Enquirer: 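Handing you a structure now.
Small disclaimer: the values here were computed from a predicted structure and weren't measured.
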Amino acid sequence: MAYDPRQQRIQDELEIVKDRLSKYYEAETAILTGAQEYRIGSRNLRRGDLKLIKDEIEKLQDRKKELEIAVESGESPSKRKAFRVIYRDL
């Protein structure tokens, strides 16, 4: 099979999305196990908001599905199509 740079870009982006998704899962787990906010002396440390993390997880899951379908089908994950318009004066 010939090398296709578009497929390679899709696979690279899929790996990035999978990596980010796993990090968001780790962040969600950390928050759910009680590490949302803690205090050391007079300093407070607050991690990301759980709702924002869940929203980003949903977006990443959707993007992951799109990219996996694109890898399987060999088509672009973008819904945009290119068209050529030829203007004619009749």
Enquirer: List the atom of L60, the atom of Y24, and the distance in Å for their closest heavy-atom pair.
Expert: CD1-CD1, 3.6 Å

Enquirer: Let me confirm one number: the CD-CZ distance from E13 to R63, rounded to the nearest 0.5 Å.
Expert: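 E13 atom CD to R63 atom CZ measures 4.0 Å (nearest 0.5 Å).
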
Enquirer: When rounded to the nearest 0.5 angstrom, what is the spacing between NZ in K51 and CD1 in I31?
Expert: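 Rounded to the nearest 0.5 Å, the NZ-CD1 separation comes out at 13.5 Å.
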
Enquirer: For the CD1 atom of I16 and the CG atom of D12, what is their distance to the nearest 0.5 Å?
Expert: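 Between atom CD1 of I16 and atom CG of D12 there are 6.5 Å.
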
Enquirer: Could you tell me whether K23 and D19 have a side-chain N and a carboxylate O separated by less than 4.0 Å?
Expert: yes

Enquirer: Treating Ile, Leu, Val, Met, Phe, Trp and Tyr as nodes and any side-chain heavy-atom pair under 4.5 angstrom as an edge, say whether Y25 and I53 lie in one connected cluster.
Expert: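 In one cluster: yes.
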
Enquirer: Once you round to the nearest 0.5 Å, how far does CD of Q61 lie from CD of E66?
Expert: 12.5 Å

Enquirer: Considering only NZ, NE, NH1 and NH2 on the basic side and carboxylate oxygens on the acidic side, decide whether E68 and K65 come within less than 4.0 Å.
Expert: no

Enquirer: Minimum heavy-atom separation for Q7 and V71, please, with both atom names.
Expert: NE2-O, 3.6 Å

Enquirer: Less than 4.5 Å apart, any side-chain heavy atom of L50 and any of L32?
Expert: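 The answer is yes, as the side chains (C-beta and beyond) meet within the 4.5 Å cut-off.
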
Enquirer: Hey, could you give me the CG/CD distance between D49 and E56, rounded to the nearest 0.5 Å?
Expert: 13.0 Å

